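Heads up: the structure comes next, in structure tokens.
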Amino acid sequence: MISERKDDHVRLAAEQQSRQGGYNQFDDVTFVHHALAAIDRTDVSLVTRFGGIEWTAPLYINAMTGGSARTGAINRDLAIAARETGVAIATGSMSAYFADESVADTFRVMRRENPDGFVMANINANTSVANARRAVELLEADALQIHLNAVQETVMPEGDRSFSHWGPRIGKIANGVDVPVIVKEVGFGLSRETVSALRDLGVYAADVAGRGGTNFAAIENGRRDHAAYSYLNGWGQSTPACLLESQEAGIPVLGSGGVRDPLDLVRALALGAVAVGASGGFLRTVLDGGVPALVHRITAWLEHLRALMTVLGARTPAGLAGCDVLIRGELRGFCVDRGIDLRRLAGRSRSYGTAYETPGGIE
Ligand code: FNR
């Protein structure tokens, strides 16, 4: 039952990618171009640090799959690509392992193929502290993701219907495991109120996983006979919207959901993400072209990231948060309603210091 669902998710998410294209709210984020701000490519470092975590690049392959023979093979390929490019990686939800230990290797393969990499386990917010520890042990995980997916569960015919225990359970897990806990959505976004609540529960970091890319309302509607909840297909906040309103969240915020290319990656970092994740697009790449295609794509993204940081005068990913950013369109309306200071965002290089402090820079 669970393994069939995992295969369905992969198939429907990959089909969704072929229909992707066109507008998402990252298009509403543009940079003010400062012609004298550019630095030397050799001055750029992609290393990102948040809390005690250090990654060689601010990019990760976000949670997807495991639990069936086919998805185990996908996890193997994703893990090899992560190893070859040095980016962090998360497994998909490990509920299938708690239900049936015989599928352990479809998750464990991620560590076997990537022994020295940064690997994250992934569980739902119903999981007992004991099972959360088992998940971390199986993967020798460096961090534990907990996903929040009330909309997906609601549309899923066999989904959960009770969510009130999630907060207290997350607090228990955060206290009960000895790796950092990162709470994420699955494509509907985290509001600033949610991120604050997660901080108060002792969570280490939040991954907004916003709207704009893989759409689990549409995927679960595709698994139902009559797509009964199709009116929910536009639910949630976009990734840039979530990042904009969580800039002073008090915990590190990661950005994922609808990241299409290196420019979206730079946009997310400029809006305050400490690192940026992609799932559906990378899945499609690995299904179409295998490990070499995904290695090539991630390598190109990192090279382009360096190029764009050079043009923008940012020596580090955190330095991008000093760039002047303009918000227009739908996203601007969201910012106005939620009280986000757009003038500060558009003129922050004047006060920030780091991005433009180089000799020959604009300050
Ligand atoms: C996912 N996602 C996901 N998230 C999670 O926390 N646990 C999971 O088991 C899954 N499963 C899953 C399967 C497949 C096939 C996809 C494509 C995605 C959600 C994922 O981590 C991410 O939050 C969303 O996909 C949004 O990012 P993209 O796909 O727009 O880059």
Side-chain angles (χ1 to χ4, degrees), residues 3-21 55-94 96-97 103 105-122 139 141 145 147 184 186-187 207 209 212-216 218-219 222 254-262 264-265 268 275-305:
S3 65
E4 269 170 38
R5 182 164 78 230
K6 298 298 158 183
D7 290 347
D8 281 355
H9 285 167
V10 164
R11 179 175 51 80
L12 293 164
E15 283 173 23
Q16 214 172 56
Q17 284 295 319
S18 18
R19 291 192 299 274
Q20 294 268 336
W55 290 350
T56 54
L59 179 66
Y60 56 102
I61 303 173
N62 215 352
M64 282 188 267
T65 203
S68 68
R70 172 152 194 257
T71 57
I74 293 171
N75 274 348
R76 180 199 60 216
D77 287 354
L78 294 171
I80 296 171
R83 182 189 71 210
E84 294 301 308
T85 55
V87 300
I89 188 169
T91 174
S93 171
M94 296 175 70
Y97 165 60
V103 300
D105 203 59
T106 67
F107 297 99
R108 169 77 197 162
V109 66
M110 274 210 170
R111 176 54 81 195
R112 203 171 47 249
E113 294 294 349
N114 189 13
D116 304 320
F118 193 101
V119 176
M120 296 177 267
N122 183 290
L139 284 175
Q145 290 184 331
H147 64 263
K184 72 186 286 291
V186 299
D207 175 348
T214 302
N215 182 333
F216 265 99
I219 288 175
L254 297 102
S256 72
V259 175
R260 300 161 296 183
D261 55 32
D264 288 348
L265 167 52
V276 176
S279 295
F282 287 172
L283 174 69
R284 184 77 217 202
T285 303
V286 87
L287 292 179
D288 287 349
V291 174
L294 185 55
V295 169
H296 182 266
R297 187 169 189 202
I298 292 174
T299 306
W301 277 32
L302 296 180
E303 197 46 38
H304 283 220
L305 171 60

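Along the sequence shown, residues carry numbers from 1. What you are looking at is a predicted structure, and each value in this text was computed from that prediction instead of being measured.
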Apply side-chain hydrogen bond (donor to acceptor under 3.5 Å, both in side chains) to Asp7 and Ser68, showing your working. CA-CA 7 Å; Asp7 290 347; Ser68 68; 2.7 Å; yes
Atom pair CZ/CG of Arg111 and Leu139 - distance to nearest 0.5 Å: 7.5 Å
Any ion pair linking Arg83 and Asp116 (charged N to carboxylate O, less than 4.0 Å)? no
Holding to side chain to side chain contact (heavy atoms under 4.5 Å, CB included), I want the full list of residues that pass it with Thr299, two or more places apart in sequence or in another chain. Thr85, Val295
Whether the side chain of Thr106 engages the backbone of Gly72 through a donor-acceptor N/O pair (distance < 3.5 Å, no angle test) should be reported. no
Arg112 side chain to Arg76 main-chain N or O, any donor-acceptor pair under 3.5 Å? no
Do any N or O atoms from the side chain of Thr91 and from the backbone of Phe107 form a donor-acceptor pair under 3.5 angstrom? no
Measure the spacing between CD of Glu84 and CD of Glu113 and express it to the nearest 0.5 Å. 10.0 Å
Got Pro58 and Leu305 here, is their nearest side-chain heavy-atom distance under 4.5 Å? yes
Side-chain contact test, heavy atoms from C-beta onward, threshold under 4.5 Å: evaluate it for His9 versus Thr65 and give yes or no. no
Look at the side chain of Asp105 and the backbone N and O of Arg108, then say whether any donor-acceptor pair between them is shorter than 3.5 Å. no
Inter- and intrachain pairs under ring-ring contact (aromatic ring centres under 6.0 Å, His included), touching residues 73-94, at least two apart: none
Could you tell me whether the side chain of Leu287 reaches within less than 4.5 Å of the side chain of Ile74, counting heavy atoms only? yes
Roughly how far apart are Ile89 CD1 and Ile61 CD1, rounded to 0.5 Å? 4.0 Å
Are any side-chain N or O atoms of Asn114 and backbone N or O atoms of Met110, one a donor and one an acceptor, separated by less than 3.5 Å? no
Considering only NZ, NE, NH1 and NH2 on the basic side and carboxylate oxygens on the acidic side, decide whether Arg5 and Asp8 come within less than 4.0 Å. no
Residues 277-292 vs salt bridge (charged side-chain N to carboxylate O under 4.0 Å, His left out), sequence neighbours excluded, gives Arg284-Asp288
Before you tell me yes or no, could you show the steps for Asn62 and Gln145 under side-chain hydrogen bond (donor to acceptor under 3.5 Å, both in side chains), namely the whole-Å CA-CA distance, both residues' side-chain angles and the distance that decides it to 0.1 Å? CA-CA 10 Å; Asn62 215 352; Gln145 290 184 331; 2.9 Å; yes
Between Asp207 and Tyr60: side-chain donor-acceptor atoms closer than 3.5 Å: yes
